[in-house]
Amino acid sequence: MNAPAPALVPQRFSAAIDRIRRSTRRMKLAVLTSFVAALVSLVSLTGSWSLVDLRAYDYLSIIGRPTLPEDGPIIVAIDEPSMAEIGSQWPWPRALHARLIESLRRAGARAIALDVIFAEPAAAPENDTALAEALGPDVVLAGDQSVIETPQADQFVRTEPLPLFTDKGAKIGIASVNLSGDGTLRQIPPYTDGFAVTLATVAGADPAPPPRRALIQTFGPARTYPTVSYYQALDPENFLPPGTFRDRVVIVGLSLQNAPTLAEGGVDAFAISDTVFSRGLVAGAEIQATIYDNLVHRLFIKRSGTTIAIPAIILATLAAALAVSRSTSWRTLGYGAIAITLIFLASYGLMRLGHVFVSPLGPGLAFFGVAVGQAGLDYAEERKRRRAITRAFSQYLSPALVERLAQDPSQLKLGGERRTLSILFCDVRGFTTISEDMKNDPEGLTTLINRLLTPLSEAVLNRGGTIDKYIGDCLMAFWNAPLDDPDHAVHAVQAARDMLVALGDLNAELEADARAAGRPPKTLRIGIGINTGECIVGNMGSARRFDYSALGDAVNLASRLEGASKDYGISLLLGERTAKLAAVKFPIAEIDRITVKGRSEVSPVFTVADGANEVALERHRHFIEAKYRGSVAADDPLFEQLKTELPSLERYYERERERLLH
């Protein structure tokens with residue numbers, strides 16, 4: 001039987017497919033990059049995302065934060081011990097504040113700020129008079145500024161101390177603060193006459209003008225600033241070390257010793273960046289001290305606008321696209337972690353060295369989105385390719401080999417490659433006669449052929465072979481492609497022997513079926529030819545339809561060997577190279593030297609001599625040499641001896657004797 005020889009799909013066809021695949025991947029990556037950049041940029045403009053960015057600032061800002069300046073304000077706390085010592089609940093008489101101001105002034109305070117609003121006259125006018133007499137240009141009183149929103153309009157409200165106090169030279173500082181949407185105080189108040197700005201001016205410092213959207217750098221949780229109780233400041237000579245207030249800025253305000261927690265809340269106490277860890281609120285007086293040092297020492301952090309944040313996001317997506325431009329793998333996760341870490345380090349470094357906060361979350365999410373998105377696309381494409389390979393080869397390869405090929409598609413070189421294969425052809429003997437006998441039962445004939453080809457195919461697959469095709473009652477298979485098989489010849493011969501065993505079992509079943517049906521049994525016979533040689537193997541056919549197949553002179557010889565097997569009464573014939581490779585596992589006997597159709601050179605053919613020992617094989621070799629010399633006679637007793645020693649070749653010896661007789 002002639003082996004089919006379809007046209008080879010050129011290598012350039014496979015290369016063109018690879019180029020198209022790479023081009024498609026680049027296009028998808030470009031679309032993904034653009035989509036992620038646009039999406040993250042739009043999300044970063046929302047208020048909710050702004051709060052997420054600020055939370056990132058909270059975590060970064062407390063890492064390696066600046067130390068508390070030595071010349072910073074001192075807090076005079078209106079606290080629980082003072083209330084107990086003074087013997088009165090808050091608010092206290094304003095005459096008491098007058099005593100405090102005079103005491104601090106005598107102690108050498110450079111500037112005094114009262115974070116208390118005196119907007120209403122006292123019940124006792126003499127208290128207001130006493131306070132007014134104590135005030136001067138070195139004192140800052142708190143004011144308040146707020147906006148009341150109504151359905152009709154937004155009303156601007158500014159609350160200031162009584163003119164009685166400001167007429168004495170006291171300065172007004174707006175103590176209002178702006179909280180973020182999550183109730184956390186992070187931003188420096190934008191007021192040019194803010195409490196801390198006015199205090200710094202009174203103290204003779206040169207405060208920076210409060211920048212828009214500037215973020216506060218904190219120095220620690222509640223009570224980080226040096227704090228003394230109100231009653232101690234009233235009599236520093238007896239309660240405090242000498243020089244406590246000398247040339248210092250003093251802020252007076254509510255500051256309870258037991259700092260309220262976030263859950264409890266508190267009067268004039270706020271959540272700050274440190275609250276993320278401490279869970280405690282910070283008193284308003286200490287907040288004003290922190291703002292004071294941020295302005296005087298230029299420690300505040302400028303928050304980047306969209307002109308920096310959006311380009312940073314775009315740059316991160318481009319970096320991610322570059323990182324995954326070739327491929328993605330499990331290493332992509334590691335590279336992504338490194339890249340995101342670098343993004344956070346860059347944000348932190350810019351905040352510490354440049355005093356500008358560029359949130360790392362947007363760029364980090366953008367990088368992650370592109371990297372993970374492309375990895376997902378690659379994974380889906382890989383799964384698609386694996387399914388395609390599985391569909392393409394599941395009918396031709398064993399499940400184990402299909403799985404290996406799906407796990408590593410690079411082992412499959414599409415388009416054709418030169419390889420050494422062991423090719424097997426198996427054909428049913430007398431199929432024409434069987435078809436003629438069953439011409440009125442086509443379903444039965446189909447069932448019979450399927451019952452035969454199924455175990456034969458299983459024998460091939462179980463030995464790691466690739467089923468090339470079925471040609472009517474003929475099966476073609478090969479070994480060593482698409483996956484490497486160093487023992488391909490041995491496996492091919494093992495598969496052939498398994499086929500013969502399976503045929504015997506099937507014939508026994510058919511005989512039992514025929515006996516049960518009361519009809520004469522049909523005995524099936526097969527012939528097998530195996531040859532090893534160089535072939536071209538790959539996807540062959542047309543551009544519209546092709547199969548994974550092999551072609552070459554070695555394929556043709558395997559087909560000729562299968563056809564010649566019936567002439568020798570032997571079910572299995574091997575080519576010379578197959579015989580040499582299989583001799584390490586099986587006893588091999590040379591049968592003849594023939595010239596097959598389509599070939600000019602003489603080809604020795606072999607078979608497996610089951611059960612033969614070395615003595616019998618040596619005697620068979622002498623017989624073959626004598627046969628080639630023409631010195632074997634039909635009545636030679638060697639025939640009977642060989643039939644006894646090599647029973648698997650009995651039919652072969654009978655055929656040889658018949659040739660000599662005729």
Side-chain angles (χ1 to χ4, degrees), residues 1-18 385-386 388-426 457 459-471 474-496 528-562 574-578 581-582 598-599:
M1 178 179 295
N2 292 332
L8 173 64
V9 176
Q11 286 285 355
R12 61 177 178 271
F13 180 74
S14 177
I17 293 176
D18 289 338
R385 292 177 63 185
R386 287 188 182 185
I389 290 173
T390 301
R391 286 195 301 270
F393 288 94
S394 60
Q395 301 298 318
Y396 312 110
L397 295 173
S398 67
L401 291 182
V402 173
E403 180 61 25
R404 281 178 56 193
L405 199 58
Q407 292 290 339
D408 185 10
S410 64
Q411 298 184 70
L412 175 62
K413 296 180 180 179
L414 300 177
E417 59 174 323
R418 185 176 297 276
R419 299 189 74 144
T420 298
L421 303 181
S422 288
I423 307 100
L424 177 150
F425 277 84
C426 175
S457 301
V460 171
L461 298 178
N462 290 340
R463 295 297 181 178
T466 300
I467 297 177
D468 186 307
K469 59 179 65 67
Y470 300 100
I471 313 167
C474 177
L475 180 151
M476 174 184 171
F478 52 79
W479 281 256
N480 203 34
L483 301 178
D484 292 334
D485 182 0
D487 299 322
H488 51 89
V490 172
H491 292 154
V493 174
Q494 287 176 329
I528 303 173
I530 303 176
N531 187 45
T532 301
E534 295 291 326
C535 302
I536 298 297
V537 61
N539 277 336
M540 302 178 192
S542 69
R544 294 175 63 89
R545 188 181 187 281
F546 50 83
D547 293 317
Y548 191 76
S549 185
L551 59 84
D553 184 62
V555 178
N556 294 331
L557 181 55
S559 177
R560 301 295 186 267
L561 291 175
E562 176 272 311
L574 309 178
E576 183 177 15
R577 193 168 176 182
T578 305
L581 294 172
R599 291 171 59 94

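These figures come from a predicted structure and were not determined experimentally. One is the number of the first residue; the rest follow in order along the sequence.
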So CD1 of Ile530 and SG of Cys426: to nearest 0.5 Å the spacing works out to 9.5 Å
Of all heavy-atom pairs linking Ile467 and Ser457, the shortest is CD1-CB, 3.6 Å
Thr578 meets the side chain to side chain donor-acceptor pair (under 3.5 Å) criterion, sequence neighbours left out, with Thr532
Sequence neighbours excluded, the answer for side chain to side chain donor-acceptor pair (under 3.5 Å) partners of Asp487 is none
The reported gap from CG in Leu421 to CG in Leu424 (rounded to nearest 0.5 angstrom) is 12.5 Å
message = Looking at Asp485, is its backbone amide N or carbonyl O close enough to the side chain of Asn480 to form a donor-acceptor pair, meaning the two atoms are under 3.5 Å apart?
response = yes
Residue set satisfying side-chain contact (heavy atoms from CB on, under 4.5 Å) with Ala459, at least two apart, ordered chain then number -> Asp498, Met499
Worksheet entry | Working for side-chain contact (heavy atoms from CB on, under 4.5 Å), residues Ile536 and Glu417 | CA-CA 5 Å; Ile536 298 297; Glu417 59 174 323; over 6 Å; no
So, the side chain of Asn531 versus the backbone of Ala554: is there a donor-acceptor pair under 3.5 Å, distance only? yes
Between Thr466 and Ala481 the two heavy atoms that sit nearest each other are OG1-O, 2.6 Å
d(Cys535 SG, Asp553 CG) to nearest 0.5 Å is 8.5 Å
Between the CG atom in Leu483 and the NE2 atom in His488, the distance rounded to the nearest 0.5 Å is 13.5 Å
By side-chain contact (heavy atoms from CB on, under 4.5 Å), Gln494 pairs with (sequence neighbours left out) Arg463, Val490, His491, Lys585, Phe586
Does the side-chain contact (heavy atoms from CB on, under 4.5 Å) test come out yes or no for Phe425 and Val555, once each step is laid out?
CA-CA 9 Å; Phe425 277 84; Val555 178; 3.9 Å; yes
Ser549 side chain to Asp468 main-chain N or O, any donor-acceptor pair under 3.5 Å? no
Between the CD1 atom in Ile528 and the CG atom in Leu574, the distance rounded to the nearest 0.5 Å is 9.5 Å
Practice prompt. For residues Thr420 and Arg577, determine if any side-chain heavy atom of one lies less than 4.5 Å from a side-chain heavy atom of the other.
Written response: yes
Rounded to the nearest 0.5 angstrom, the NZ-CG distance for Lys469 and Leu475 is 10.0 Å
